[in-house]
Structures are given as C-alpha cells and as structure tokens.
Student: 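Pasting a structure here, questions to come.
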There are 2 protein chains.
Amino acid sequence: MTTLTPAAAADRTGVSIDTLRYYEREGLIGPIRRTAGGRREYTEDDLFWIGLVTCFREAGLGIADLRGFVAILRAEHPPEDRVAFLLERRTALEKQVAALRRAMNVLDEKIAYYS
Amino acid sequence: MTTLTPAAAADRTGVSIDTLRYYEREGLIGPIRRTAGGRREYTEDDLFWIGLVTCFREAGLGIADLRGFVAILRAEHPPEDRVAFLLERRTALEKQVAALRRAMNVLDEKIAYYS
DNA sequence: TCTTGACCTGGAGCGCGCTCCAGATCCGAG
DNA sequence: CTCGGATCTGGAGCGCGCTCCAGGTCAAGA
C-alpha cells in the first residue's frame with residue numbers, strides 16, 4: 001500500500017507538519033504508522049481522517065471537541081451517547097450559523113448605506 | 001440623559017466589566033465618558049456599539065478586524081474603501097458559513113448512520 | 001563512505017482574547 | 001465621619017492552537 005512522507009501528507013492536506021504532529025500528540029489522528037527508522041508513513045485513511053479533523057477545525061470546533069468526536073467515531077461509547085453528542089455539536093454549529101447571519105445582516109445594512 | 005454604571009452595562013450587554021475595559025483600551029468602543037471622580041458612565045449609544053461589537057465577535061471576527069470596522073463606521077476612510085472593506089468581511093463570513101455547512105453535513109451523515 | 005536534507009523528540013515561545021490581581025480611589029449608606 | 005463595596009489603573013497570567021527550536025537520527029545520492 002502506498003504511503004506518504006510527512007512532507008507529502010502536509011502538502012496534500014494543507015496542514016503543516018508541525019500541526020500534524022500536534023494533532024497526533026493530542027490524539028486527534030493516528031497513531032501514524034512508522035518505518036523501521038521511526039519516520040511517519042501516512043496512509044490514505046490517515047489523510048481522510050486529517051480531512052475530517054480539518055473540516056471540523058475550520059468550522060470552529062476546538063481540540064477537546066474533536067477528541068470527543070474521535071472517541072465517538074471509534075465507537076468507544078454506546079450509540080445513544082454518540083447520537084446525543086453529534087446532535088449537540090450540530091446545534092452548536094447551527095447557533096454559529098445564526099450568529100454569522102446576524103453579523104452579515106449588519107454588514108449588508110452598512111453596505112447598502114454606503115453604496 | 002440616563003447612563004449606566006460599569007456593572008449595569010456589563011449586566012445589560014452580557015459582556016464582563018473587564019472585557020468592556022479591554023474593548024475600550026483596544027479602541028473598539030468609546031472612549032466612555034467619565035464622572036468627575038473618574039468612573040465610567042455608559043450611554044445607550046455606548047450599549048448599542050457594544051452590541052455591534054459583540055455581534056461581530058460572536059461571528060468570529062478578531063479584535064483587529066473590529067478595529068477596522070470601527071474606523072469604517074467613524075467614516076475615517078473614503079466611501080469606496082468602506083464598501084470594499086465591508087464586502088471583504090462579508091465574503092469571509094460567507095466562507096465561514098460554508099465551512100459550517102460542510103461540517104454539519106458530516107455530522108448529519110454520522111447521525112443518520114448511528115440512528 | 002560522506003554529505004545533505006528530511007525527519008525525530010521534547011520542550012519553549014507566541015499571538016489572541018480575555019481574565020485576574022494589587023493597590024489606590026470614589027462615594028452612598030449608616 | 002466612617003465603612004465597605006464598586007471602580008480605577010497598569011500589568012501579570014492563562015488557555016488555546018499552533019509554531020519554532022535544539023540536538024540528534026535516518027537515508028538517498030555523489
């Protein structure tokens with residue numbers, strides 16, 4: 001199976017090498033497999049996970065939230081807890097969207113005023 | 001004209017007294033008028049501004065962005081710069097909404113899977 | 001074999017946005 | 001007039017999410 005070096009993984013994901021290591025330390029990804037010499041080898045699965053993490057980070061979730069999410073996806077909790085967690089996160093995102101809409105309305109008002 | 005003490009302003013706006021002072025130091029609000037003894041008196045106008053700032057902070061704008069916004073609303077720049085700035089901020093907010101939608105889609109997928 | 005550059009680990013440093021603290025001042029209630 | 005709670009200022013401290021650094025290891029190419 002084809003794997004990627006840290007530099008290549010950073011390149012593909014748009015996440016810096018340092019941040020990839022940081023995410024791994026924090027348990028958000030991996031643990032990443034190593035070569036005999038101790039270098040990391042990123043698989044396509046790893047890249048997929050990194051993509052998920054990035055998606056949620058961009059949405060404003062914190063590292064602790066993501067640790068929770070990882071635990072959920074690893075099925076370390078009963079199904080009802082998982083759904084509850086996911087719904088709670090979804091609600092938080094909806095609130096964030098609402099906050100953004102409010103701010104956009106203010107901007108639109110000002111844009112109309114100055115145009 | 002009726003004014004509010006710091007504690008009352010904090011109470012009305014939901015922003016802590018320390019944060020109100022911080023915003024003032026950073027030039028996001030005020031300067032707030034003082035009594036003879038040096039205590040702050042918040043006017044309704046001040047509260048309105050604080051509301052605006054809070055709205056944008058909740059939408060994820062940084063302190064520096066808000067300083068820019070304040071400068072704009074104080075008409076310290078030509079109209080075309082103002083509109084450009086506002087449109088740029090609006091685009092950033094739209095991107096943020098898109099990021100949130102992506103994350104919500106992932107959540108919905110997982111919720112469906114676990115339900 | 002030697003060089004060179006990518007990578008390793010552990011830990012320090014940094015920018016942001018508050019939050020807290022010390023020590024002084026103000027001022028309304030008693 | 002006294003007391004105590006609210007407020008003042010300047011500055012330190014903190015949690016987060018990286019980011020950078022030192023000092024050492026690994027491995028591909030000349």
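This is a predicted model, so every value here is computed, not measured. Chain letters run A, B, ... following the sequence lines, proteins first, then strands; residues in each count from 1.
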Student: Among pairs that include at least one residue of residues 58-75 of chain A, which meet salt bridge (charged side-chain N to carboxylate O under 4.0 Å, His left out), considering only residues two or more places apart or in two chains?
Tutor: Glu26(A)-Arg67(A), Glu58(A)-Arg102(B), Asp65(A)-Arg89(A)

Student: When the nearest nucleotide of DNA chain C is assigned to Arg21(A) and to Ser16(B) on a heavy-atom basis, which residue is associated with the more 5' position?
Tutor: Arg21(A)

Student: Considering non-hydrogen atoms only, spot the tightest contact between Ala59(B) and Ala99(A) and give its length.
Tutor: CB-O, 4.0 Å

Student: Does one hydrophobic cluster hold both Ile17(A) and Leu47(A), with members joined at side-chain heavy-atom distances below 4.5 Å?
Tutor: no

Student: Are any of the side-chain nitrogens in Glu44(B) or Arg12(B) under 4.0 Å away from the carboxylate oxygens of its partner?
Tutor: yes

Student: Which nucleotide span of DNA chain C, 5' end to 3' end, has atoms closer than 4.0 Å to non-hydrogen atoms of chain A?
Tutor: dA6(C) to dT9(C)

Student: Inspect the contact between Glu24(A) and Arg34(A) and indicate whether a charged nitrogen and a carboxylate oxygen are less than 4.0 angstrom apart.
Tutor: yes

Student: Where do Ala10(B) and Ser16(B) come nearest, in terms of heavy atoms and distance?
Tutor: CB-C, 4.2 Å

Student: Taking all non-hydrogen atoms of both residues, which atom of Tyr22(B) and which atom of Ile63(B) are closest, and how far apart?
Tutor: OH-CG1, 3.7 Å

Student: Output all residues satisfying salt bridge (charged side-chain N to carboxylate O under 4.0 Å, His left out) with Asp108(B), sequence neighbours left out; order by chain, then residue number.
Tutor: Arg90(A)

Student: Pairs under 3.5 angstrom, nitrogen or oxygen only, protein versus nucleotides 28-30 of chain D, please.
Tutor:
none

Student: Considering non-hydrogen atoms only, spot the tightest contact between Val70(B) and Gly27(B) and give its length.
Tutor: CG1-O, 3.8 Å

Student: If you define the side chain from C-beta out and look only at heavy atoms, does anything of Arg33(A) sit under 4.5 Å from Thr3(A)?
Tutor: yes

Student: Could you tell me whether the side chain of Thr54(A) reaches within less than 4.5 Å of the side chain of Thr13(A), counting heavy atoms only?
Tutor: no

Student: If every non-hydrogen atom of Val106(A) is compared with every non-hydrogen atom of Phe56(B), which pair is closest and at what distance?
Tutor: CG1-CZ, 3.6 Å

Student: Which whole-number value in Å describes the distance from Arg25(B) CZ to dC8(D) P?
Tutor: 12 Å

Student: If you assign Tyr22(B) and Asp18(B) each to the DNA chain C nucleotide with the nearest heavy atom, which residue ends up on the more 5' nucleotide?
Tutor: Tyr22(B)

Student: Mind listing the residues from residues 4-12 of chain B sitting with a heavy atom below 4.0 Å of DNA chain D? Number order is fine.
Tutor: Thr5(B), Pro6(B), Ala7(B)

Student: Are side-chain heavy atoms of Ile32(A) and Trp49(A) found at a separation under 4.5 Å?
Tutor: no

Student: Do any of residues 35-71 of chain B sit with a heavy atom less than 4.0 Å from DNA chain D, and if so which?
Tutor: Gly38(B), Arg39(B), Arg40(B)

